[in-house]
Amino acid sequence: MFALADCNNFFVSCERVFNPGLNGCPVIVLSNNDGCAVSRSNEAKALGIKMGVPLYQIRDIVEKHNVAVFSSNFALYGDMSRRVHLTLRQLAPAIEIYSIDEAFLDLRGMERTDLDAFAKKASALCLKNTGIPVSIGVAPTKTLAKIASKTCKNRPELQGGYFLYKQEEIDRILPTVPVEDIWGIGRRFSKMLHSYGVKTAAGFIQLPPDWVQKQMSITGLRTWKELQGESCIDFSDHVPPKKQICISRSFAREITDYVKLSEQVSLFTAMVCEKLRRQHSAAYQVIVFVLTNRFKANVPQQYESRLITFPVASSSTLEINRAVLKELSFLFRKGYAYKKAGVILTGIIPGNAVQLSLYDTTDRLKHARLMQVMDQVNTRIGRGTLAMATESAEGIKMNRQHLSPQYTTRWSDIPVVKSSG
Amino acid sequence: MKLYLPSDEESTLPLVEGVKCGFPSPAEDFSDMRLNITEEIVKNPASTFYARVSGNSMINDGIGDGDILVVDKSVDPYDGCIAICYVDGEFTLKHVEKHEDHILLVPGNKKYQTIRITADNHFVIWGVVRYVIKKL
């Protein structure tokens, strides 16, 4: 058996833990730069605020209904997520962290336990430990566990936990699940299925398996089998190293100055390389891209990227930054206002599998030692303590007008309790 | 004039444990046993939070302005416990006294008043205080 633990409206719930007065009120959390609503309380959803809608389009609703608005506070959400995972880890033999607000639990070997009671107890413990409401669905396959967890969200009487295994219950639920809500069926395939008149999970499993495999490959067939209780998607409690790592940001204010732009891009490079080293990898290729604001008419537009290939895979911030800045100088055009930029590392291989070149002139050992020291200092004292001279010293300029304090990760931000009344 | 390039060999010599001239330290086998204060005060890392006190209404309990509270949300509130409570829009620090049909929030300082909690209040016991860190 597998369980999926999914935090309800996670970012909003994190804000509510430190602001209990927001319970029962409409609350939204915005994406980076205060762009779009990315997390909504049930009250905000009921007001018709859709996922991903830009803030400027809902200003009227926000004002009229007194919706509480927050900038995203990832220091807080990351820490709260860690606390939920820590709690779950105490309950299950193995856990696979799927995203910041979702984790699968491997419950194989626990079939003799009352799993419905287990799910409800686990949900209650998460709430007690962290203040975060979590929906826990248990089922014979991961795909069904996802559906069970979603069922919990819509039915409060389940008390956050639901064991979905009886065939008649599965048969009752599948007709209510739209194909686009099935885990593993993307937008493209749900569109294709709709064109054949297949609208729900119940309709999907009626399709002949060879047709499913032909149209949707082996992954589609796996989903088809999983919905019928045959477990096909493996459980992995380790995160596979990423094949591509990207750091990109929109700027709070457009950048027209080359030095300012290169400072930001250097900072992105430093961050992306740090991520690369954290997973002990090296990269053959790096892509740097710049974007102007395409929503602004009558200004010159540019959306361009450049790919750099290294003869020897590298993880050195210095080496990669030098290449990135050289390409950026070719990309940059005077008189253009840049809204966004980013650095992407691809061609990623394990750090211990780097093939050296006969004509290599870089002292790799020296770079590796320097990077190691830099990472150690930056982890201990804080990111940016040791940085390249080309990096922006002010960090990324982001619009975060509605940012809450870092209640759990910064001493100066911990909650203040009144003891004077 | 002759220029010599300094060798960086010396600085790259790895530090090898165990190659020593003197008597091996008898403390070597115990080198992992250093004390970490967090282990003592944080029993449940998932549910432990810190908060700062503002005011002196709990001074008779030894809790004063500016002290740091170690709060464990996983601990069940017990009668008389010191807890961070949320009352009508504000966090406050009090003793929680359970009575049959109501709850009293009792300060540890005679200058302050006891708050009687009824069904009309928006009231939550946020977390029970386990330790107080204070600078002397």
Side-chain angles (χ1 to χ4, degrees), chain A residues 5 7 14 16-25 68 76 79-91 95 103 121-122 124-134 363-370 372-373 405-421, chain B residues 8 11-12 14 44-61 63-77 82-95 105 107-109 111-115 122-129 132-133:
Chain A
C7 302
C14 291
R16 278 176 165 173
V17 171
F18 298 92
N19 222 325
L22 295 172
N23 282 308
C25 305
L76 175 66
D79 182 65
M80 294 306 282
S81 161
R82 199 180 49 86
R83 289 166 184 270
V84 171
H85 295 152
L86 215 56
T87 305
L88 294 169
R89 230 177 263 276
Q90 295 162 3
L91 298 168
I95 151 172
K121 212 181 81 190
L125 192 63
C126 288
L127 183 67
K128 192 173 183 194
N129 276 357
T130 66
I132 304 287
V134 181
D363 185 348
R364 308 224 159 249
L365 216 60
K366 196 168 156 190
H367 274 267
R369 279 203 307 268
L370 180 61
Q372 200 187 348
V373 170
Q406 289 183 24
Y407 297 109
T408 60
T409 52
R410 195 185 274 171
W411 282 112
S412 57
D413 281 11
I414 62 175
V416 174
V417 189
K418 254 180 80 178
S419 167
S420 54
Chain B
D8 62 350
S11 62
T12 62
N44 191 345
S47 60
T48 301
F49 295 84
Y50 303 112
R52 199 177 295 276
V53 179
S54 153
N56 280 309
S57 75
M58 293 297 278
I59 201 75
N60 291 345
D61 293 280
I63 305 174
D65 192 46
D67 291 353
I68 291 172
L69 304 171
V70 179
V71 182
D72 189 345
K73 277 174 84 69
S74 72
V75 173
D76 285 315
I82 296 176
I84 295 183
C85 302
Y86 183 82
V87 189
D88 300 333
E90 222 165 52
F91 284 116
T92 178
L93 186 67
K94 294 283 188 298
H95 286 274
L105 299 184
N109 183 340
K111 285 184 200 155
Y112 295 93
Q113 283 184 345
T114 295
I115 303 172
H122 183 189
F123 173 69
V124 184
I125 299 176
W126 196 86
V128 174
V129 177
V132 182
I133 302 171

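Proteins get letters first, then strands, A, B, ... in listed order; numbering begins at 1 in each. For the numbers below, each heavy atom of this structure counts, side chains included, while hydrogens, waters and symmetry mates do not.
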Leading residue by heavy atom contact count with chain B [cutoff under 4.5 Å; candidates A/T408, A/N19, A/V17, A/T130]: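 Most pairs with chain B among the choices: A/V17.
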Comparing A/H85, A/M80, A/R83, A/R89 against chain B, the one with the most heavy-atom pairs below 4.5 Å turns out to be A/R83
Could you tell me which residues satisfy side chain to side chain donor-acceptor pair (under 3.5 Å) with A/R410, sequence neighbours excluded, listed by chain and number?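 Here no residue qualifies.
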Not counting sequence neighbours, which residues clear ring pair (Phe, Tyr, Trp, His ring centres under 6.0 Å) with A/Y407? List them please.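 In terms of ring pair (Phe, Tyr, Trp, His ring centres under 6.0 Å), with neighbours along the sequence ignored, A/Y407 is linked to A/F18.
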Using non-hydrogen atoms only, which part of [X] is less than 4.5 Å away from chain A: side chain, backbone, both, or neither?
X      : result
B/I63  : neither
B/L105 : neither
B/D72  : neither

Can a donor-acceptor pair be found, under 3.5 Å and without considering hydrogens, that links the side chain of A/D413 to the backbone of A/P405?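 Side chain of A/D413 to backbone of A/P405: no pair is present.
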Please work out which of the three classes, parallel, tilted or perpendicular, describes the rings of B/Y50 and A/W411, given edges at 30° and 60°.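 Judged by the thresholds at 30° and 60°, the geometry between A/W411 and B/Y50 is tilted.
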Given B/Y86, which of B/F123, B/W126, B/F91 fulfils the ring pair (Phe, Tyr, Trp, His ring centres under 6.0 Å) condition? B/F91
Relative to chain A, which of B/G55, B/A46, B/S47, B/G64 shows the most heavy atom pairs under 4.5 Å?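 If we count pairs closer than 4.5 Å to chain A, B/A46 comes out on top.
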